[in-house]
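All remarks here apply to the structure that follows.
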2 protein chains.
Amino acid sequence: MQSSHLNLTQQVVHELGKKIMQGSYKVGDSLPSEADLCTEFNISRTATREAVKMLTAKGLISSRPRQGIRVVDSKHWNLFDADVLNWILIGKPDLYLLRHFLQLRLAIEPEAAFLAAQYAEEPDLKAIESALLRMKDATNGQDDTHEADIEFHQSILSASNNPFFIQLKYFITTSLKVNIRFTNRLVPVTVDEYQAHVDIFEHIKNNEAQAAFDAAMLTQKATLAIVNDQIAVLEANKS
Amino acid sequence: MQSSHLNLTQQVVHELGKKIMQGSYKVGDSLPSEADLCTEFNISRTATREAVKMLTAKGLISSRPRQGIRVVDSKHWNLFDADVLNWILIGKPDLYLLRHFLQLRLAIEPEAAFLAAQYAEEPDLKAIESALLRMKDATNGQDDTHEADIEFHQSILSASNNPFFIQLKYFITTSLKVNIRFTNRLVPVTVDEYQAHVDIFEHIKNNEAQAAFDAAMLTQKATLAIVNDQIAVLEANKS
DNA sequence: TTTTTTTTAATTGTATTATAAATAGTATTG
DNA sequence: CAATACTATTTATAATACAATTAAAAAAAA
């Protein structure tokens, strides 16, 4: 793990965060008491308490005298926190979670493309184009497909010039990573897929907001449809 | 303030969080050192450090030996955290921020309605209907318009049965509150506006996903258009 | 018995003190 | 001038003590 350059408190935050998102501690469960956590991780109460406070700030747990430290209902979890999203990724997400990711991506990315077409500045366009170039290189095996793809989607969010969309970078990135897990493709993106990305960029560049929206929506609908089908098959086999 | 029932650490978290979101400490600025914060709030280092850790967990600050405690770039802020959203609300948001809120609402709410039409269970529908009833009562002055409206939008997010949409409750609620600030209407919702809400509900109830999407989108586009116009006027006056 | 009140004990909340580790800035050296 | 070593500041961690809260048990009252 990356524990080496993290301080003690942050190591414990990550350990506990992972365990909660993996379901080792379920909603409503009590975590070990401060004293027990101290012995378990062999650290002082100071470090333990700071870790507990950080997880509290991320909406995962609550702690009260005599009651102890408890995992709170998942509707309070800060699902858009970069750490929480990483822990979700570690916790082996299933197809249903992938669908939840894709449902929100379908809401966000077309509108982000729309806004990018309206508000993108020259550096924003340069960034998108640079990501596209990396994707092209990737098809020749000269760059990493997945990283280039992530950079493409992130740069469009940035180009929206809306801080809320920009903050959703972590969500989109995690969503893409979950997607990779399930598709697990051995080949780089196809020419068609690359072209779809180019189309979105061209519309943004030409300030064609609605066209950019439509193009992005097309991709999202296609991806979601695939997962919906997979789930349908899964549920058919179950019965 | 609600300080009375909050413990010391949480009081300090709120004080510092507010100041950061208000811009009293700007991005890149150093906060007072731990020692200074202790004297400023008249608390122990324990409480101070725990507060700092909580704000770190929310992405607002970072702290390192010798460097001190600094406000990090706003792109790292957890803008979907309930506390952060509250501090934004306290920090007198401007028209541009309202536009940013509305741009994301426009992305989220129609798709939430779409999903609600697909996945809402009976209790979800009951909840939406109950909010509608409150809105009707509100037009007769028997309930609070704003609260009923907030409940309506929240219940649709819940009905999506998607944890990510559900977590956006805080965002939508804050967005509605910012909206109220700027429109500051003295009368309850008009009959037309009420009907628009009823339409969305009916489509959700009848599993008409696309119609629900379209109805919700119509409302969002109208709201955003008003703010875009207000900003246009504002910028015309400036020059 | 049943309900209410009191007590107790477990757990977190806060304060204090001491020491370690990291690092920006300064001084020193080659 | 560049590289290195030093120093002082600040956060990181530990250890200990006591206060505040409260769930659960015990006692008292009905």
Side-chain angles (χ1 to χ4, degrees), chain A residues 1-17 19-20 25-73 76 83, chain B residues 1-17 19-20 25-73 76 83:
Chain A
M1 204 36 1
Q2 66 249 22
S3 349
S4 51
H5 73 286
L6 291 178
N7 59 34
L8 279 181
T9 299
Q10 281 160 357
Q11 284 178 46
V12 175
V13 168
H14 276 84
E15 286 307 316
L16 293 177
K19 279 192 179 176
I20 292 169
Y25 301 119
K26 298 199 178 63
V27 169
D29 278 7
S30 282
L31 269 66
S33 68
E34 284 185 358
D36 291 344
L37 288 172
C38 289
T39 58
E40 181 176 334
F41 291 102
N42 194 31
I43 55 174
S44 70
R45 244 191 102 190
T46 309
T48 302
R49 283 185 59 81
E50 286 174 3
V52 167
K53 289 297 171 193
M54 291 189 82
L55 290 169
T56 302
K58 290 179 188 299
L60 300 187
I61 60 179
S62 77
S63 76
R64 287 167 53 199
R66 177 71 220 220
Q67 193 195 63
I69 304 162
R70 288 202 181 156
V71 181
V72 302
D73 193 282
H76 295 113
D83 288 324
Chain B
M1 204 36 359
Q2 66 248 23
S3 348
S4 51
H5 74 285
L6 291 178
N7 60 33
L8 280 181
T9 299
Q10 281 162 356
Q11 284 178 47
V12 176
V13 168
H14 276 83
E15 287 306 315
L16 292 177
K19 278 192 180 175
I20 292 169
Y25 301 119
K26 298 201 177 63
V27 169
D29 279 6
S30 281
L31 269 65
S33 70
E34 282 184 2
D36 290 344
L37 288 173
C38 289
T39 58
E40 182 177 333
F41 290 103
N42 193 32
I43 54 173
S44 70
R45 249 191 97 191
T46 309
T48 301
R49 283 186 58 81
E50 286 174 3
V52 167
K53 289 297 170 192
M54 292 190 81
L55 291 169
T56 302
K58 290 179 188 299
L60 301 187
I61 59 180
S62 78
S63 76
R64 286 166 56 197
R66 177 71 221 218
Q67 193 196 63
I69 304 162
R70 288 200 183 159
V71 180
V72 303
D73 193 282
H76 295 112
D83 289 324

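Look at CD on E50(B): it is 13 Å from P on dT13(D), rounded to the nearest Å. Between E34(A) atom CD and dA15(D) atom P the separation is 15 Å, expressed in whole Å. When rounded to the nearest whole Å, the span between CG of D36(A) and C1' of dA10(C) equals 12 Å. The separation between M54(B) atom CE and dG13(C) atom P is 10 Å, rounded to whole Å. When rounded to the nearest whole Å, the span between NZ of K53(A) and C1' of dG13(C) equals 8 Å. Rounded to an integer number of Å, the gap from L31(B) CG to dT10(D) P is 14 Å. If you measure from atom CD of Q11(B) to atom C1' of dG13(C), you get 13 Å, rounded to the nearest angstrom. Rounded to whole angstrom, the span from the CD1 atom of I61(A) across to the C1' atom of dT11(C) amounts to 14 Å.
Side-chain N/O atoms of R49(A) include one lying less than 4.0 angstrom from OP1 or OP2 on dG13(C). Contact annotation: S44(A) side-chain N/O to dA14(D) OP1/OP2 distance is under 4.0 Å. Residue S63(B) places no side-chain N or O under 4.0 Å from the OP1 or OP2 atom of dT10(D).
Comparing dA15(C), dG13(C), dA14(D) by their nearest atom to the side chain of L8(B) picks out dA15(C).
Here the CG-NZ distance, from L55(A) to K19(A), works out to 12.5 Å after rounding to the nearest 0.5 Å.
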Exercise for the section: Assign a letter to each nucleotide of nucleotides 16-24 of chain D from its 5' end: B, base within under 4.0 Å of a protein heavy atom; S, sugar-phosphate only; -, no contact. Expected result: -B---BBBS

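Between L37(A) and L16(A), the closest side-chain pair of non-hydrogen atoms falls below 4.5 Å. Residues Y25(A) and I69(A) form no side-chain contact, since every pair of their non-hydrogen atoms from C-beta on lies 4.5 Å or further apart. Using a 4.5 Å heavy-atom cutoff, the side chains of V71(B) and L31(B) are in contact.
Listed here is the closest heavy atom pair of V12(B) and A51(B): CG1-CB, 3.7 Å. Shortest non-hydrogen contact noted between K53(A) and N7(B) is NZ-ND2, 4.4 Å.
The number of heavy-atom neighbours closer than 6.0 Å to CG of N42(B), taken from other residues, nucleotides and ligands shown, is 12 or below.
If you check dT1(C) for Watson-Crick or wobble pairing at under 3.5 angstrom, you find it paired to dA30(D).
Nearer to the 5' terminus of DNA chain D, by closest-nucleotide assignment, is the contact made by G68(B) (compared with the other of I43(A) and G68(B)).
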